[in-house]
Amino acid sequence: MEVTFKILRYNPEKDKEPHYEQYRFEAHENMTVLDCLHKIKWEHDGSLAFRRSCAHGVCGSDGMRINGKNHLACSTLLKDLNTKDTITIEPLPSMPIVKDLILDMTDFYEKYYAVKPYLINKSPVPPDSERLQSNEDAEKLFESAKCILCACCTTSCPSTWSNDNYIGPAALLKAYRFVFDTRDDAADERLDIIDTPDGIWRCHTIFNCIESCPKEINITWHISQLKKELSNREL
Amino acid sequence: MIHKFDVVIVGAGGAGLRAAVEIPKGYSCAVISKVFPTRSHTGTAQGGVCAALSNEEDDSWLNHAFDTVKGSDYLGDQDAIEIMCQDAPRAIIELEHMGMPFSRTKEGKIAQRKFGGHTKPEDPNDPNSRRLPVQRACYSADRTGHVMLQTLYENCIKNNVNFFSEYYLTDLIIEDGTCKGLIALDMATSEIHTFHAKAVMFATGGYGRVYRITSNAHVGTGDGCALVYQAGLPLEDMEFYQFHPTGLWRLGILVSEAARGEGGILRNSANEPFMEVYAPTVKDLAPRDMVSRAIISEIRAGRGILGSDGTYYINLDLTHLGKKVIDEKIPEITGFARTYLGVEPTKESVPIQPTAHYAMGGIPTNYDTEVLYDNKGKTVTGFYAAGECACVSVHGGNRLGTNSLLDIVVFGRRGGKKIAEFLETAKQIDFNSDPSEKTKEKLTNLLSQSGNEKTAVIRRELQQNMMDKCGIFRNETDLTEMKQLIMQYKERYNNITVQDKSSVFNTDLVETIELANMLDIAESINDGALNRKESRGAHMREDFPKREDEKWMKHTFIWKDGSGGNPRIDYKPVIKTRFEPMERKY
Ligand SMILES: Cc1cc2nc3c(=O)[nH]c(=O)nc-3n(C[C@H](O)[C@H](O)[C@H](O)COP(=O)(O)OP(=O)(O)OC[C@H]3O[C@@H](n4cnc5c(N)ncnc54)[C@H](O)[C@@H]3O)c2cc1C
Ligand code: SF4
Ligand code: SF4
Ligand code: FES
């Protein structure tokens, strides 16, 4: 079958503004959007720039806007899209474009670093063995630990769109990952960090983030657990 | 721009990050990576990381070492293997202490499961009794590599490690037998950076992308190994490349051995569980090289299943595991089957085919990760390598599943320690001349050369032919043909036009440099394979089907600088401690 891709292109050395370019080519319904981008790059226009690595939805490199929805190019198959119409590919919204589909993700990473995304444990560890943790407690972390930092959620969030400083769902999810780890001793420090005007309270439970998460993480549930924890703390 | 650091590590996968964590605070350390650290390939590892923790059943590091030596088909160096297996429990416990989330046992210890080639004697008092599968692989559902990489990166953030993300290594500077630093391209701007360092570590990962069907990420192009080869240093055992038996058909995306560890069974077109014939005791949990060959043998014997595109596959049957095991123990990989093949693993078999997976060979090092200058044991001052790019050699002719995640943390740490020791007295030595000139010239040439060749076309031909002629089964005719082909590709390379001339994220240019590296890697694999006239581990010569210990129980060292544009080959003896070679039956 023939498909048409309309891609938002931008080369800072040539273009004043981003603009769309169209590509029509032969494709198969089992191809992913990433396969198609490669086809365009490898057969038509070598200058098309995008990030990618694993090609199966685990490295988080290729989050982009596909027909208006945030998703990973490598996990979106043509058969899941309406290929009769033009397929529109744009970079994720609300981050500065560097070139074509490549964004400057500095701000996204800064917010992730802000929640102290590492285990802080103040008690001595057993010398020759692991700390014990029930499988139940461990599994409470697994959902949040699945995150691949693709930024699909944060850039789909209306609160992010209206306020650049909002910490965003990805960072909140990371905060959950450590606040609820039975081995961690810095829950309070992290809760202080997110309990700010640009922190967790900007989340109005609008669910956009969940819909765009390629790992199908129930982000809002995790955020609500953090909100509960904060309310309990105040009581 | 010139940077000065005490140590520069190239690679932000498990090996590079583990080494970075080990560098004492008093020394300046930079980590360079062509992708953002958490996007490194380690994150795709699924099944587990092994250690004889005995959390589920009695086990010992000696059992683990025995399996690793046997799995390596007696090409692994036993001193290094003993170090790794003995250090394994400590290494895993350390990861737990760093915060890695593991699946747990009822008592709250780290959970363990079975994996291919990991066994223990049925009678604990008789090491020669029949060996049965043992639960040795520690895991976090089927996202073990992902959480390991996250945890190591998190510890680097905690330690304020300097990262240079999306910097692409283009040259290694070795002058007078000493490594003085490296050159990297800032992909966002095309600016060339010189890193002047007292110590350099390569942790640049594998090169599965030289094959068409592979489980490896697009970035797995073997840059580090190729630069070492181009610098006139040897590579070791390059002919040993592992095909994992279960890649998703057509795509090569990995279905971890964990699927068989949890009870999955391979079946042919007659629905027969054929591994019973090839490995009667461990069956589907035989080592990878054997299972991959069994699959191809079944297909060749007409017992494959014909796919819609005219190629054949084998079925991986998980239906009897039940929804609970599938959803809790292997959710990610069964998700891949749903997404990419539209198969529901709780109800239907998953179509699979062997996929290029792991490089046993690489940059030769001793067990302290010091890079070898030659096959006599001399080392390159200030140069270290660890992880998949290195050949210690703990995996010999064939790696056991879950031994690589172990290798990267054990030897990443050892490397970090050795570097710290070296830095106590090391000095920064001036360059003889501006070392960035070579890279500048190379880039200018690539951007100005013109012709009607395309990077992607040559790359695709290389990948397909490596698959067909230098893959699971090999023979003199195919390998000789492949050698000619690689020479032709190298000539055609000079007629490539790089379409993108821009300096911002010129990924067209980077892919073209990667292709040059892949061509060198393919050459070293193929020449090694042509030269080794025996079959051992993953290297199977149809024309020399037997293992020949007298003649060939030795490591291949290959240099680029032979006569007439040919590589040169020499050997290094295998180090034996306590395990005598025997026939490899399972
Ligand atoms: C799908 C899959 C599943 C696996 N599952 C398991 C498992 O369950 N258990 C197990 O033990 N092993 C497993 N393995 C193997 C194991 O994951 C890898 O061998 C291991 O993670 C390699 O780690 P590394 O640190 O050496 O390299 P990598 O993680 O590959 O990292 C390489 C690093 O080098 C950088 N780099 C490379 N070239 C350049 C350059 N030119 N410039 C700058 N930076 C560069 C990259 O950016 C990256 O940061 C699996 C492998 C695959 C492919
Ligand atoms: S639920 Fe919260 S974080 Fe998610 S999109 Fe809505 S406002 Fe944003
Ligand atoms: S939570 Fe989901 S969408 Fe958000 S960064 Fe993580 S994986 Fe991506
Ligand atoms: S390329 Fe890794 S997530 Fe898509």
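In what follows, every heavy atom counts, from backbone to side chain, and hydrogens, waters and symmetry copies are set aside. Within every chain, numbering begins at 1; the chains are lettered A, B, ... in the order of the sequence lines, protein sequences first and strands thereafter.
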Report task. Select one option (side chain, backbone, both, neither) describing which atoms of A/Leu48 are under 4.5 Å from chain B's heavy atoms. Result -> backbone

Query raised in the report: Do side-chain atoms of A/Glu13 reach the backbone of B/Ser503 as a donor and acceptor pair under 3.5 angstrom?
Result: yes

Query - Under 4.5 Å from any heavy atom of chain B - which part of A/His28 - result: neither

Query raised in the report: Can B/Arg459 be said to sit on top of A/Trp42's aromatic six-ring, NZ or CZ under 6.0 Å from centre and within 45° of the ring axis?
Result: yes

Query raised in the report: Do the charged groups of A/Arg183 and B/Glu96 touch, with an N to O distance under 4.0 Å?
Result: yes

**Report entry** A/Thr76, part contacting chain B, at a heavy-atom distance under 4.5 Å
**Finding:** neither

Report task. Let me know if A/Asn121 has heavy atoms under 4.5 Å from chain B in its side chain, its backbone, both or neither. Result -> neither

Query - B/Glu511 side chain vs A/Gly46 backbone, donor-acceptor pair below 3.5 Å - result: no

Query - Ionic contact status for A/Glu136 with B/Arg104, cut-off 4.0 Å - result: no

**Report entry** Straight-line distance of A/Arg131 CZ to B/His97 NE2, nearest 0.5 Å
**Finding:** 5.5 Å

Report task. Indicate whether any N or O donor in one side chain lies under 3.5 Å from an N or O acceptor in the other, for B/Lys34 and A/Ser53. Result -> no

Query raised in the report: Do you know which of B/Ile110, B/Val35, B/Thr105, B/Thr38 has the most heavy-atom pairs under 4.5 Å to chain A?
Result: B/Ile110

**Report entry** Heavy-atom proximity to chain A below 4.5 Å, by part of B/Phe336
**Finding:** side chain

Query - Charged N-O contact under 4.0 Å between B/Asp500 and A/Lys41 - result: no

Query raised in the report: Is A/Glu130 reaching over with its side chain to a backbone N or O of B/Ile93, donor-acceptor style, under 3.5 angstrom?
Result: no

Query raised in the report: How many angstroms lie between atom CG of A/Asn11 and atom NZ of B/Lys501, to the nearest 0.5 angstrom?
Result: 13.5 Å

Query raised in the report: Measuring heavy-atom distances to chain A, does B/Lys158 have an atom under 4.5 Å in its side chain, in its backbone, in both, or in neither?
Result: both

Query - Side chain / backbone / both / neither for A/Leu149 at chain B, heavy atoms under 4.5 Å - result: both

Query raised in the report: If you measure from CG on B/Leu251 to CG on A/Asn30, what distance do you get to the nearest 0.5 Å?
Result: 8.0 Å

Query raised in the report: Tell me, side chain or backbone of A/Glu43 under 4.5 Å from chain B's heavy atoms, or both, or neither?
Result: backbone

Query raised in the report: Between A/His56 and B/Ser215, is there a donor-acceptor pair closer than 3.5 Å when you use the side chain of the first and the backbone of the second?
Result: no

Report task. For chain A, find which of B/Glu94, B/Arg460, B/Glu166 contributes the most heavy-atom pairs closer than 4.5 angstrom. Result -> B/Glu166

Query raised in the report: Got a donor-acceptor contact below 3.5 angstrom from the A/Lys99 side chain to the B/Val504 backbone?
Result: yes

Report task. Please look at A/Pro12 and chain B and tell me whether the side chain, the backbone, both or neither of the residue comes under 4.5 angstrom of a heavy atom of that chain. Result -> side chain

Query raised in the report: With side chains defined as the heavy atoms from C-beta onward, is the minimum distance between B/Tyr153 and A/Pro117 less than 4.5 Å?
Result: no

Report task. Ignoring hydrogens and angles, tell me if any N or O in the side chain of B/Arg39 forms a donor-acceptor pair with the backbone of A/Arg52 under 3.5 Å. Result -> no

Query raised in the report: Between atom SG of A/Cys74 and atom CD1 of B/Ile253, what is the distance when rounded to the nearest 0.5 Å?
Result: 8.0 Å

Requested in this report: Show your reasoning for whether side-chain contact (heavy atoms from CB on, under 4.5 Å) applies to B/Thr339 and A/Leu77.
Outcome: CA-CA 8 Å; B/Thr339 308; A/Leu77 273 73; 4.1 Å; yes

Report task. Evaluate the ring planes of B/Phe36 and A/Tyr109, with Trp represented by its six-membered ring, and classify them as parallel (under 30°), tilted (30 to 60°) or perpendicular (over 60°). Result -> parallel

Query - Spacing of CG belonging to A/Asn135 relative to NZ belonging to B/Lys106, to within rounding of 0.5 Å - result: 10.0 Å

Query raised in the report: Is chain B contacted by the side chain of A/Tyr10, its backbone, both, or neither, given a heavy-atom distance below 4.5 Å?
Result: neither

Query - Heavy-atom contact with chain B under 4.5 Å, split by part of A/Asp128 - result: backbone

**Report entry** Under 4.5 Å from a heavy atom of chain B, the part of A/Ser75 involved
**Finding:** both

Requested in this report: Find the distance between CZ (B/Arg90) and OG (A/Ser129) and round it off to the nearest 0.5 Å.
Outcome: 14.0 Å

**Report entry** Residues B/Tyr340, A/Thr32; criterion side-chain contact (heavy atoms from CB on, under 4.5 Å); working and verdict
**Finding:** CA-CA 9 Å; B/Tyr340 295 102; A/Thr32 63; 3.8 Å; yes

Query - Validation row: B/Glu107, A/Leu132 side chains within 4.5 angstrom (heavy atoms) - result: no

Query raised in the report: Does the pair B/Ile157 and A/Tyr112 meet the rule for a side-chain contact (heavy atoms from CB on, under 4.5 Å), with working shown?
Result: CA-CA 11 Å; B/Ile157 299 172; A/Tyr112 153 69; 3.8 Å; yes

Query - Side-chain heavy atoms of A/Lys215 within contact of B/Glu332, under 4.5 Å - result: yes

**Report entry** Modelled atom types, side-chain donor and acceptor of B/Gln150 and A/Lys174, under 3.5 Å
**Finding:** yes

Report summary line: When every non-hydrogen atom of A/Arg177 is compared with those of B/Gly99, the smallest separation belongs to NH2-O, 2.8 Å

Requested in this report: List the steps and the verdict of side-chain contact (heavy atoms from CB on, under 4.5 Å) for B/Met98 and A/Tyr118.
Outcome: CA-CA 8 Å; B/Met98 285 182 179; A/Tyr118 39 81; over 6 Å; no

